[in-house]
Amino acid sequence: MTASLAPPHLFSIMLARVQAAAAAVLGPQAALTRIVVEPPRDASHGDMATNAAMVLAKDAGMKPRELADKLAAALAGDSLVEKVDVAGPGFINLTLKAHVWGDALRAVLEQGASYGRSNIGGGHRVNVEYVSANPTGPLHVGHGRGAVFGDALASLLACAGFAVTREYYINDAGAQVDVLARSAYLRYREARGETIGEIPEGLYPGDYLIECGQELASDYGDKLLELAEAEWLPIVRRRAIDMMMAEIRNDLAALRIVPDVFYSERSLIEGEEHDPFAPTHHDARFEATHPNAAVRPTDVVAATIADLRAMGHVYEGRLPPPKSGNLEDWEDREQTLFRSTEFGDDVDRPLLKSDGSYTYFATDIAYHKSKFDRGFTDMIDVWGADHGGYIKRMQAAVKAVSDGKATLDVKLVQLVRLLRAGEPVKMSKRAGSYVTLREVVDEVGRSAVRFDMLYRKNDAVLDFDLAKVIEASRDNPVFYVQYGHARGYSIFRTAKAELGDALPETPAARLALLKEAAVDRLTDPGELSILRKLALYPRLIEAAASAHEPHRVAFYLYELASEFHGQWSRGKDSSHLRFIIQDDRQLTLARLALVQGIVTVLASGLALLGVDAPDEMR
RNA sequence: GGCCCCGUAGCUCAGUUGGAUAGAGCGCGAGCCUUCUAAGCUUGAGGUCGCAGGUUCGAAUCCUGCCGGGGUCGCCA
């Protein structure tokens, strides 16, 4: 494992000490894992609060307050603890020694960009799959949300100590890509001089295939015109998919999203020689450990189904007709079914269509099995909300192919409503007239797109307003947080001008100086509040990573920026609270160290979200 | 009809994974620029956490049932 060990943070240290105290009072069998150490809702309660007495009271056969008193006595002598109070139903409120906050700030400056990293992932491998769109057209804004979410989640998990693989599943099999091929073929004929007129119903009308047709024309001349569809289709399809994937990769790159692995659905059926991105297809480290890989059959889906059948999870049977949709073509017949009900699904699921080809589900099972075979027992899929009905069967499949050893968490991202100044942007599905992800990124910028999409829980519908996200106001979170970062550097610039030699030129030298600052001079309530906020960051990262919720990072950054702006403005009213105090160099350096801590955490969090942290915004 | 998601201030949304008196922005009211970026800050009003039960020391959070909105239900991916 390459992850460097992150030092324990304040909250994990105190949790360990509270647990030790509980074990000392109640014995080692106490249910220590239920204990939480967190900042109290009301700062007047102290610096940290623990529920230890309340969660342990019943097992101990004591009243919560009574147990709290015992635990409080045990914690009173702790080297970090100034004061212990028991309050309410049995909370133990801890007031920490004054120096811990300065120590916490020093830790930020010492660790720099790595402050906030955690070991809770333990180097375990996690596979995060996201976007996974049909390569039949440009990505739209909805795809973008999945991509941004998946990418930020991957970064968050990496920050928390997981070994993350970012993966894109190319849906390059099935009927849709054949339609793509026929559409491209039409453009090819057009490029060879035919008048094609209106694009027929059922084909993709977008302009984006014109270039594909032209390339085919220049490469093949009239040769493809002479072939039967069965012959030209694979050729055109391959070319069209490759071009679309190149576009998609570009669009993702514009959002600074670069998946580690592109995995071709088609390769599962036809073998890997058809994989357009073979170099990243397999993880060589795990090939060797899986004997099957060496004799990998061409049709992996067939092999997967055979395996499941051997385990008794596949059978021939009948299904009740669907409850809705068009029942006209419903045909009651015996079919090949996966026994997903055995793993918690509502009904068993078909693996073959009536024409004998694989259902999407069948191929997806093989795909997820490949993840397991590549060493992943921890899988996360990011899907659009319209695929919610698919979760149970996929989780069932993962359990089946891994013999219960792997787990799949599916994160659904809700749809995006594109607005401009409150008015819906027309999203015609006809022609190429819908707004693409790329157009949005080009218009408002990567940072605005990413932050706005992350400043919302994944399962809540998102209103994305093209006018609002570039507004320079508090109403626009991405600006507000970036401005906080820029404001920090503005203070450095002013300090350099006002203090002259006192502040070194280079960031590294400045940092070295500020590490030595007398941070115990930071005693203003606003300053202490910011210090507490900074100390909370590592815990926030851990909680967000455990919950698979990157939006928590965005909200934390907003809150930190807000506290910073507030402290800055207090200096307007009370000059003794300004960051730069002309006649007190020591205090100034202490406050600059605080600013350094703030910009460090802001930059670190923004980087995690893939958002720029500018030094200046003019 | 089955399953999944959502329902918190007038509006848009958080809520530290069961904690103490439920928070922020916008909007509305009252204030702060000869001083580090006013692109900012301070402050007031505003709540039956959809409804009703249940679980327990304690529920916006967990369970059950309703109400409302969205999604989905073999041969799309």
Side-chain angles (χ1 to χ4, degrees), chain A residues 34 36 38-42 45 49 51 54-55 57-58 63-65 87-91 93 132-134 136 169 171 173-177 265 319-325 329-331 333 335 337 345-347 349-355 357 359-361 363-364 383-392 412 414-415 455-457 459-461 463 465 468 471-477 479-480 483-484 486-487 490-495 497-498 536 539-540 543-544 546-547 549 551-552 554-556 558-559 562 565-573 575 578-580 595 616-618:
Chain A
R34 292 184 60 204
V36 172
E38 60 188 354
R41 184 155 307 200
D42 189 334
H45 292 142
N51 61 356
M54 293 178 288
V55 298
K58 183 174 274 187
K63 287 178 184 164
R65 298 275 312 205
F91 284 102
N93 291 328
S132 300
N134 258 334
T136 55
Y169 183 47
N171 295 142
Q176 294 304 315
V177 286
E265 176 185 1
L319 283 178
K323 295 292 186 206
S324 78
D329 21 348
W330 165 256
E331 161 200 6
R333 64 182 170 85
Q335 47 186 335
L337 298 170
D345 198 4
D346 307 311
V347 292
R349 305 292 178 175
L351 298 173
L352 298 178
K353 300 178 192 171
S354 50
D355 67 355
S357 63
T359 60
Y360 182 78
F361 180 50
T363 319
D364 218 0
W383 297 347
D386 54 340
H387 291 63
Y390 197 77
I391 295 177
K392 282 187 186 175
L412 297 181
Q414 265 291 353
L415 58 93
Y455 197 67
R456 188 71 92 246
K457 267 189 306 196
D459 49 12
V461 176
D463 288 338
D465 195 313
K468 196 168 257 184
E471 206 173 272
S473 77
R474 172 155 201 174
D475 194 22
N476 180 10
F479 165 78
Y480 188 72
Y483 181 39
R487 174 164 267 173
S490 167
I491 292 173
F492 289 145
R493 285 189 293 271
T494 306
E498 293 194 13
L536 196 57
R539 184 180 189 273
L540 179 278
S546 304
E549 289 183 349
H551 76 275
R552 294 193 197 189
F555 279 92
Y556 169 88
Y558 185 87
E559 290 164 11
S562 178
H565 289 311
Q567 189 63 17
W568 188 91
S569 291
R570 253 166 255 136
K572 288 272 186 193
D573 297 332
S575 59
R578 287 164 54 94
F579 288 96
I580 300 164
V595 174
E616 191 173 13
M617 297 176 87
R618 286 279 182 187

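By convention in this document, chain letters (A, B, ...) are assigned in the order of the sequence lines, proteins followed by strands, and residues within each chain are numbered from 1.
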Establish, with yes or no, whether the OP1 or OP2 oxygen of [N] is under 4.0 angstrom from a side-chain nitrogen or oxygen of [X].
X	N	value
Arg570(A)	U35(B)	no
Arg41(A)	A20(B)	yes
Lys572(A)	G31(B)	no
Arg487(A)	A38(B)	yes
Tyr480(A)	U37(B)	no

Considering only [options], which nucleotide approaches the side chain of [X] most closely?
X	options	value
Trp568(A)	C75(B), U37(B), U16(B)	U37(B)
Asp459(A)	U37(B), C6(B), U17(B)	C6(B)
Asp463(A)	A24(B), C13(B), A39(B)	C13(B)
Ser354(A)	A14(B), A20(B), G74(B)	G74(B)
Pro322(A)	C73(B), A39(B), U12(B)	C73(B)
Ser490(A)	U17(B), A39(B), C36(B)	C36(B)
Arg493(A)	C26(B), G15(B), U37(B)	U37(B)
Thr494(A)	C36(B), A77(B), G40(B)	C36(B)
Ala460(A)	A14(B), G15(B), A20(B)	A14(B)
Arg578(A)	A20(B), C13(B), C36(B)	C36(B)

Pairwise 5' ranking along RNA chain B for Pro40(A) and Arg539(A), keeping only the more 5' one =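 Result of the comparison: Arg539(A).
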Sorted by position of nearest nucleotide on RNA chain B, 5' first, the leading residue of Tyr558(A) and Gly88(A) is Gly88(A)
Is there side-chain contact between [X] and [Y], with at least one heavy-atom pair below 4.5 Å?
X	Y	result
Phe479(A)	Arg474(A)	no
Leu540(A)	Arg552(A)	yes
Lys392(A)	Asp346(A)	yes

Rounding to a whole Å, what distance do you find between [X]:[atom1] and [N]:[atom2]?
X	N	atom1	atom2	answer
Arg474(A)	C32(B)	CZ	P	19 Å
Glu471(A)	C26(B)	CD	P	10 Å
Asn51(A)	A20(B)	CG	P	11 Å
Asn476(A)	A24(B)	CG	P	20 Å
Tyr360(A)	G74(B)	OH	P	17 Å
Tyr390(A)	U72(B)	OH	C1'	14 Å
Asp345(A)	C73(B)	CG	P	14 Å
Lys457(A)	C6(B)	NZ	P	7 Å

For RNA chain B, the dot-bracket notation using Watson-Crick and G-U wobble pairs below 3.5 Å, [ ] for pseudoknot-type crossings and | for other-strand pairs, is (((((((..((((.....[...)))).(((((.......))))).....(((((..]....))))))))))))....
| message | When you measure from the side chain of Asn51(A) to the backbone of Val36(A), do you find a donor-acceptor pair of N or O atoms at a distance under 3.5 Å? | response | yes
Indicate yes or no for a side-chain donor-acceptor contact from Arg65(A) to the backbone of Gly88(A) under 3.5 Å, with no hydrogens or angles considered.
yes
Using the ring of each side chain (for Trp, its six-membered ring), is Phe361(A) parallel, tilted or perpendicular to Tyr390(A), with breaks at 30° and 60°?
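Correct class here is perpendicular.
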Within the modelled atom types, does a donor on one side and an acceptor on the other bring the side chain of His551(A) and the base of A14(B) under 3.5 Å apart? no
Practice problem: Assess whether one donor atom and one acceptor atom, taken from the side chain of Asp475(A) and the base of A39(B), lie less than 3.5 Å apart. | Solution: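 Between A39(B) and Asp475(A), which were checked side chain against base, a qualifying N/O pair under 3.5 Å is absent.
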According to the 5.5 Å centroid and 30° plane-angle thresholds, does His565(A) stack upon the nucleobase of G40(B)?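 The ring of His565(A) is not stacked on G40(B).
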Phe579(A)/Trp568(A) aromatic ring centres below 6.0 Å =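 Ring centres of Trp568(A) and Phe579(A) not closer than 6.0 Å.
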Residues at least two apart in sequence or cross-chain that pass side chain to side chain donor-acceptor pair (under 3.5 Å) with Arg487(A), listed by chain then number, are Tyr483(A), His565(A)
Just by distance, with hydrogens left out, do [X] and [Y] show a side-chain donor and acceptor under 3.5 Å apart?
X	Y	answer
Arg349(A)	Thr359(A)	no
Ser357(A)	Asp355(A)	yes
Asp475(A)	Tyr480(A)	no

Salt bridge or not for Glu471(A) and Lys468(A), using N-O below 4.0 Å? no
**Report entry** Spacing of the P atoms in U8(B) and U61(B) (rounded, Å)
**Finding:**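 Taking atom P in both U61(B) and U8(B), they lie 14 Å apart.
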Syn within 90° of 0, anti beyond: C33(B) is syn
Nucleotide by nucleotide, nucleotides 54-59 of chain B touches protein heavy atoms under 4.0 Å in the pattern (B base, S sugar-phosphate only, - none) --SB--
